[in-house]
Amino acid sequence: MSVETVESSTGPTPKRGVSILFGLTLLGLLVVLWLLLGLATSAFWTPNNISNLLRQGAMTAILAVGQTFVIITAGIDLSVGAVVGFTSVIVAWLLAAGVPLWLALIATLLIGVLIGAFHAFGIVRMGLPPFIITLATLTSLRGIGLLITNGSTISITNEAFTNFSRADFLGVPSLFWMVIVVAVPAYVFLHLSRFGRYLFAVGSNSEAARLSGVNVNRTIYLAYILSSTCAAFVGLLLASRIGIGNATQAEGWELQAIASSVIGGTSLFGAVGSVHGPLLGAFILATINNGANLLNVNSFWQRIITGLLIIVIVYFDQLRRRGSR
Amino acid sequence: MTGLQEVSQRHEDELEAAVAKGKPILELRGLQKNYGAVQALKPATITFLSGEIHAIVGENGAGKSTLIKLLTGVIPRTAGEVSWQGEPVQLATPTEAIARGINAVHQEVVLCPHLSVAANMFLGDEMNSKGLMRKRAMTDAAQGVLDDLGFNLPANATLGSLTIGQQQLVATARAAMRGTRFLIFDEPTAYLTRQESAQLFRLIRRLQGEGVTIVYISHRLEEVFELADRVSVLRDGTHVGTRYISETNEAELIALMINRTIEQIYHKEQFALGETIVETRGLSGPGFSDISLSVRAGEIVGLYGLIGAGRSEFALGLYGRHPLTGGEVYWQGRKVEIGNERRAMELGIALAPESRRDQGLCLNLPIGLNINLPVFRKLTRGLTINRAEEAANADRQIRDLQIKTPSRRVLASAMSGGNQQKIVIGKWLSHGAKLFIFDEPTVGVDVGTKAEIYRLFARLLEKGAGIILISSYLPEVYELADRLHVFRQGRLVASHDYRAASHEDVLAQAINA
Ligand SMILES: Nc1ncnc2c1ncn2[C@@H]1O[C@H](COP(=O)(O)OP(=O)(O)OP(=O)(O)O)[C@@H](O)[C@H]1O
Ligand SMILES: [Mg+2]
């Protein structure tokens, strides 16, 4: 009879403030981490380190936002790390072939769109579980990237491109500005437009959404295309940052993205999530890695700490959700 | 072949001695439940007597299901005491409740749709031998119980392949075979056909005969009068009284429940019929074939039949959810192809589907979002949704339909069954349409609200809409439909004008007796 509890455990009354409140708690956590690290090591609050941290967090943050769209529909996108590596190869390859920069950028983003469309096709038309289809592209894309590069890397000589990631604008790293460039439209899309509502509805009950006139298939296409396009965008940023295209880069970033999203309050069961949550989640993870490096914590320990943190944060989030039971 | 007796015997020995018939078996003293600020059940003091059938009635959100969930250990109580056979008990978990012999068939069946009927019946209570499950033995035993109960159901079928009503019967059989002392039914007949209800009533009487105490929750007062010995009334979470069934009547119960009187539940107004809105000719699809009928402006067309007779399938086919295999649809005289749900909506068809859990609601999303789901397109200005209109639209439906909630931001899952049904209806009222298809619109809805929904039908008709009303509850379609079509096994077998045939005839046509 314990199955009966499922119905009531979805429970309490979410007030408008709750999501914001949770966002504030995460922000609080981030601030506390920064203050503590500032006290613990003088190397933390240096312009260099902060820029570094913002750059590192930026890429995960963008991936996490795209991932969140997919998770809200009760799906998952395991391919994003592979897409980052793959698209870094594509852009390097195009540039090496003498394609003009603007065209190379657009073409690479379009590859991202195509990959997302392929995922949605597999899910909608072939009836494959999201986990499977994105797992398949995860391994295949790495393979295709390695074939293109013959197992090595392609270096990028275009200075305008490689300088971008090192540049600052108004004293803030350009990579961090890219987070804002992604986050603002993402926020409008998810929280203010009807398509955002449709993502939630499909994640909650796709049959009810369909009978209410929501084009469920199109919504799924949208989610996966957005996720892959975000990943392709990160692929560009990464290529710019390291100056090469390499299919084996960004190993495990899909897990970073999923972790950021979940830390940010996204429910893997779908229909719960926001844009600000995963952003904060990504920077919390980046801060922990950064801090651990500065404090000379063994990198093996870093992994363990990250894992524990995921459990603790998500556990508290669950408690809060069940709150009034 | 094993029957109910043998299977439930497995548990008899574990239970404590029974209380003599007519003596208190379960006593609640000041039992109370708050969900945050919501007082779902105010301190209630009720005594259940051994061997009685005790009905509980009350409006939607009155706290009936909450009471049941407390007694079965599904949710923790806020305050109060419960004594079972004279001793105070915690009832903290479902396991504890079951161990004491308290079982329930909940309002929304929560079983595992992917498992077989037998596996569901034995879920958590499997027959083992040397650590391995005895699948064959369980299937046989389950079939024995089902046959013994007179439920015509296959034990090896997947639960999900059955209709909601049949699943409800499985849940009932499951509870009955647990060696039960105290069995609670939360609106068990909501999804059952007359025939299935009759089977259920026989089962209930039989269990009572074996000394089981029964608690029976229903919005159908005639069932209460047919079955119960005593009846308790809840209003807004307050226990307002308990009566012997022989000393009360419908009017008194309704007055207790809603604190006012209703002269006429089946509110019907006749309107001059207008043009034909939709006509189907020989329509066929999955689950129905060769259906020809038409709906005119100002008309309620009733579809009656047993569950599984193909009425909902017909509705889904007409709405473009399932592909049609034959026949034609004429919309206001023009032949149309309705390939998908959006096309149906654009033409002006609205469908409030049968199952609010599976088809009607996004349960873990706010009420407001659910109500607005079909109309976000209209609420969009440029790129974004007009938040003020979004809020106003949701609030209007909540007010008009008297959905009991502190706010539109509450999750649909926190609503009582009847209030969830109102959300489904509210969705389509805010969208508007020429043709409304209401599939079992009053399942789990209390008398007062029912009357309001019927009034609402009249308002829709007045504005020139047509209605297809699907119901397994004969009095409802019988009293409301201008034209009544009877379905049997996917076919339209008979049609009657308003009140032109007797209940008995209609029923006989539906079951082919
Ligand atoms: N999980 C929950 N969280 C918050 N409030 C809840 C929850 N479950 C029920 N409620 C509230 O408790 C009250 C009583 O609900 P309950 O389900 O007991 O009503 P009911 O009498 O069974 O109604 P119905 O006839 O519609 O099934 C309602 O106001 C409902 O909104
Ligand atoms: Mg209820």
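It should be emphasised that the depicted structure is a prediction, and the values quoted were computed from it without experimental measurement. Every chain is numbered from 1, with letters handed out A, B, ... down the list of sequences.
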**Asked** Non-hydrogen atoms of chain A under 4.5 Å away: do they reach the side chain of B:Leu361, the backbone, both or neither?
**Response** backbone
**Message:** If the threshold is 4.0 Å, N to carboxylate O, is there a salt bridge linking B:Asp395 and B:Arg408?
**Reply:** yes
**Request:** Between chain A and each of B:Glu341, B:Lys427, B:His431, B:Arg356, count heavy-atom pairs under 4.5 Å; write down the option with the most.
**Result:** B:Glu341
**Request:** Give, as side chain, backbone, both or neither, the part of B:Glu390 having an atom under 4.5 angstrom from any heavy atom of chain A.
**Result:** side chain
**pair B:Leu365-B:Leu373: side-chain heavy atoms closer than 4.5 Å** = no
**Proximal component of B:Leu383, with respect to chain A [non-hydrogen, under 4.5 Å]** = backbone
**Prompt:** chain A heavy atoms under 4.5 Å from B:Arg343: which part of the residue, side chain, backbone, both or neither?
**Reply:** neither
**Prompt:** Is atom OH of A:Tyr221 surrounded by more than 12 heavy atoms (other residues, nucleotides or ligands) closer than 6.0 Å?
**Reply:** yes
**Prompt:** Quick one: of A:Phe195, A:Phe189, A:Phe200, who has the most non-hydrogen atom pairs under 4.5 Å with chain B?
**Reply:** A:Phe200
**Asked** Which answer fits B:Leu379, side chain, backbone, both or neither, if we ask what part of it has an atom under 4.5 Å from a heavy atom of chain A?
**Response** neither
**Request:** Would you indicate whether A:Leu255, at its atom CG, is surrounded by more than 12 heavy atoms from other residues, nucleotides or ligands within a distance under 6.0 Å?
**Result:** yes
**Asked** Between A:Glu207 and B:Arg321, does at least one N-O distance fall below 4.0 Å, as a salt bridge requires?
**Response** yes
